[in-house]
Trainee: 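Structure in structure tokens, see below.
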Amino acid sequence: MRRKIDFLIVALFAVLVFTSCERVAPNYAGVFMENYGKDGKKDFSIKTGKVSTWEWGTELFQVPLFDQRGDFAEAVTLKAADNTEFKARPTYSYKVIKERAIDVVFDNKHIGSGNDFMSSLEDNILEPRIYDLIKEESRKHKTDSLMADGGSLVFERRLEQIVDKEFEKRGLQLLTFSAQLEFSEKVREKIDSRNEVNTNISVLDQQIEEQKKLNELERLKTEQAIIRSKGLTKEILYNKFIDRWDGKTPLYGIVPEFLKITK
């Protein structure tokens, strides 16, 4: 009877140990925590194959090493430098840097473990930080520059650089990023009206410049006609103004002064 009891105890213990083992999945980094992580990163190590987690204070984090994709469930509200509100619905993809899997777990172990670890990381750490970065950067750009041709693309590239640095600090490699800016119809109409006014002003300025050129041309034609009607030649004008003509100024430019003298 005693032997049966001992056998049952051993068998129960074996079952307990077996059932408390986890296998690190393919293309995952198995980050194993011991002693509740009380001694910092010393208590964390990378494991492969089957890992026993039956001891108190141990836990295995399955960290995927393949591409992850995330997006904001709802659009976030931002403000441009001119205080105009607009929205963004960021999407991004990334993956854990294999050599920094322990850092990723150690810095974020408080948010949970298991299959929900990466989704918890996105919801509680990454996306709030992305929102703060976008909000800060949007204050540096005016609405019309964001809505101009290529403006939103410049904004997104700048954001991608900022988010990339933030992810790298956290042991992650950013693969793609898109802010997906959204402007209300009211803002679009306002910008379109402003652009139309600016276009009209540019056209008016061009017309004024063209009219100035036409007026100047008419003046030149008039002075040339005076030169011909007076029978003036280059030699006469040159001799009359030899002391004051620089030799470069067009002759018709000094005709009015010559006429005053010859009246």
Trainee: Going by the rule ring-ring contact (aromatic ring centres under 6.0 Å, His included), which residues pair with Tyr28 if we only count those two or more places apart in sequence or in a different chain?
Mentor: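 Result, ring-ring contact (aromatic ring centres under 6.0 Å, His included) vs Tyr28: Phe66.
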Trainee: Considering only residues two or more places apart or on different chains, which pairs with a residue in residues 28-43 satisfy salt bridge (charged side-chain N to carboxylate O under 4.0 Å, His left out)?
Mentor: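 As it turns out, the salt bridge (charged side-chain N to carboxylate O under 4.0 Å, His left out) pairs with a partner in residues 28-43, which skip direct neighbours, are Lys41-Asp103.
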Trainee: Do Leu175 and Val96 sit in the same hydrophobic cluster, where Ile, Leu, Val, Met, Phe, Trp and Tyr count as joined when their side-chain heavy atoms come under 4.5 Å apart?
Mentor: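 Hydrophobic grouping puts Leu175 apart from Val96.
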Trainee: For Glu168, give me all partners under side-chain contact (heavy atoms from CB on, under 4.5 Å), at least two apart in sequence or on another chain.
Mentor: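 Expected list: Arg100.
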Trainee: Are Met33 and Phe61 packed together at the side-chain level, in the sense that at least one heavy-atom pair is separated by less than 4.5 angstrom?
Mentor: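 SC-SC contact between Met33 and Phe61 confirmed.
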Trainee: According to side chain to side chain donor-acceptor pair (under 3.5 Å), who are the partners of Asn83, at least two apart in sequence or on a separate chain?
Mentor: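 Expected list: Arg139.
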Trainee: Do any N or O atoms from the side chain of Ser120 and from the backbone of Asp116 form a donor-acceptor pair under 3.5 angstrom?
Mentor: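 Yes: the side chain of Ser120 pairs with the backbone of Asp116.
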Trainee: Does Pro90 reach the side chain of Gln180, with side-chain heavy atoms less than 4.5 Å apart?
Mentor: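 The answer is no; the side chains never approach within 4.5 Å.
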Trainee: Kindly indicate whether the side chain of Ile102, heavy atoms from C-beta on, has any atom under 4.5 Å from the side chain of Val63.
Mentor: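 With C-beta onward as the side chain, the pair stays apart.
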Trainee: Can you list everything that forms a side-chain contact (heavy atoms from CB on, under 4.5 Å) with Pro128? Sequence neighbours excluded, please.
Mentor: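 side-chain contact (heavy atoms from CB on, under 4.5 Å) list for Pro128, sorted by chain: empty.
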Trainee: I'd like to know whether NZ of Lys109 has more than 12 heavy-atom contacts from other residues, nucleotides or ligands below 6.0 angstrom.
Mentor: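 Buried by this count: over 12 neighbours within 6.0 Å.
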Trainee: With the side chain counted from C-beta on, respond yes when Phe167 and Ile97 share a heavy-atom pair under 4.5 Å apart, and no when they do not.
Mentor: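 The answer is no, as the side chains (C-beta and beyond) never meet within the 4.5 Å cut-off.
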Trainee: Backbone N or O of Glu160 within a donor-acceptor pair of the Asp164 side chain at under 3.5 Å?
Mentor: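 Absent.
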Trainee: Check salt bridge (Lys or Arg N to Asp or Glu O under 4.0 Å) between Arg89 and all other residues, then give those that pass, not counting sequence neighbours.
Mentor: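 For Arg89 the salt bridge (Lys or Arg N to Asp or Glu O under 4.0 Å) partners, ignoring immediate neighbours, are Glu182.
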Trainee: Could you check if a side-chain atom of Ser145 sits within less than 4.5 angstrom of a side-chain atom of Phe155, using non-hydrogen atoms only?
Mentor: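 No, too far: nothing below the 4.5 Å cut-off.
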Trainee: Which residues satisfy the side chain to side chain donor-acceptor pair (under 3.5 Å) test with Lys87, sequence neighbours excluded?
Mentor: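 With sequence neighbours excluded, Lys87 shows a side chain to side chain donor-acceptor pair (under 3.5 Å) to Thr77, given in chain and number order.
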Trainee: When you measure from the side chain of Asp82 to the backbone N and O of Thr143, does any donor-acceptor pair fall under 3.5 Å?
Mentor: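 A pair under 3.5 Å: yes.
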Trainee: With sequence neighbours excluded, tell me which residues meet side-chain contact (heavy atoms from CB on, under 4.5 Å) with Lys140.
Mentor: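 Checked Lys140 against side-chain contact (heavy atoms from CB on, under 4.5 Å); matches are Glu137.
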Trainee: I'd like to check the side-chain contact (heavy atoms from CB on, under 4.5 Å) partners of Ala179; sequence neighbours left out, ordered by chain and number.
Mentor: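 side-chain contact (heavy atoms from CB on, under 4.5 Å) list for Ala179, sorted by chain: Glu156, Leu159, Phe177, Leu181.
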Trainee: Hey, what else clusters with Trp56 if you join Ile, Leu, Val, Met, Phe, Trp, Tyr whenever side-chain heavy atoms sit under 4.5 Å?
Mentor: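 When side chains under 4.5 Å apart are linked, the cluster holding Trp56 also contains Tyr36.
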Trainee: If you define the side chain from C-beta out and look only at heavy atoms, does anything of Tyr94 sit under 4.5 Å from Met118?
Mentor: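 Sidechains of Met118 and Tyr94: in contact.
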Trainee: So, do Val51 and Arg23 sit near enough that their side-chain heavy atoms are less than 4.5 Å apart?
Mentor: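 Counting from C-beta outward, Val51 and Arg23 never come under 4.5 Å.
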Trainee: Quick one: are Val163 and Tyr92 in side-chain contact, heavy atoms under 4.5 Å?
Mentor: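 In short, these two side chains do not touch, never coming nearer than 4.5 Å.
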Trainee: According to the salt bridge (charged side-chain N to carboxylate O under 4.0 Å, His left out) rule, which pairs have a member within residues 121-136, sequence neighbours left out?
Mentor: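 Passing the test, one end in residues 121-136: Arg129-Glu166.
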Trainee: Cluster question for you: counting only ILVMFWY and a side-chain heavy-atom cut-off of under 4.5 Å, with indirect links fine, are Phe86 and Val154 together?
Mentor: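 No, Phe86 and Val154 fall in different hydrophobic clusters.
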Trainee: Going by side chain to side chain donor-acceptor pair (under 3.5 Å), name the residues that satisfy it together with Thr176, two or more places apart in sequence or in a different chain.
Mentor: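 Side chain to side chain donor-acceptor pair (under 3.5 Å) check on Thr176 returns Ser93.
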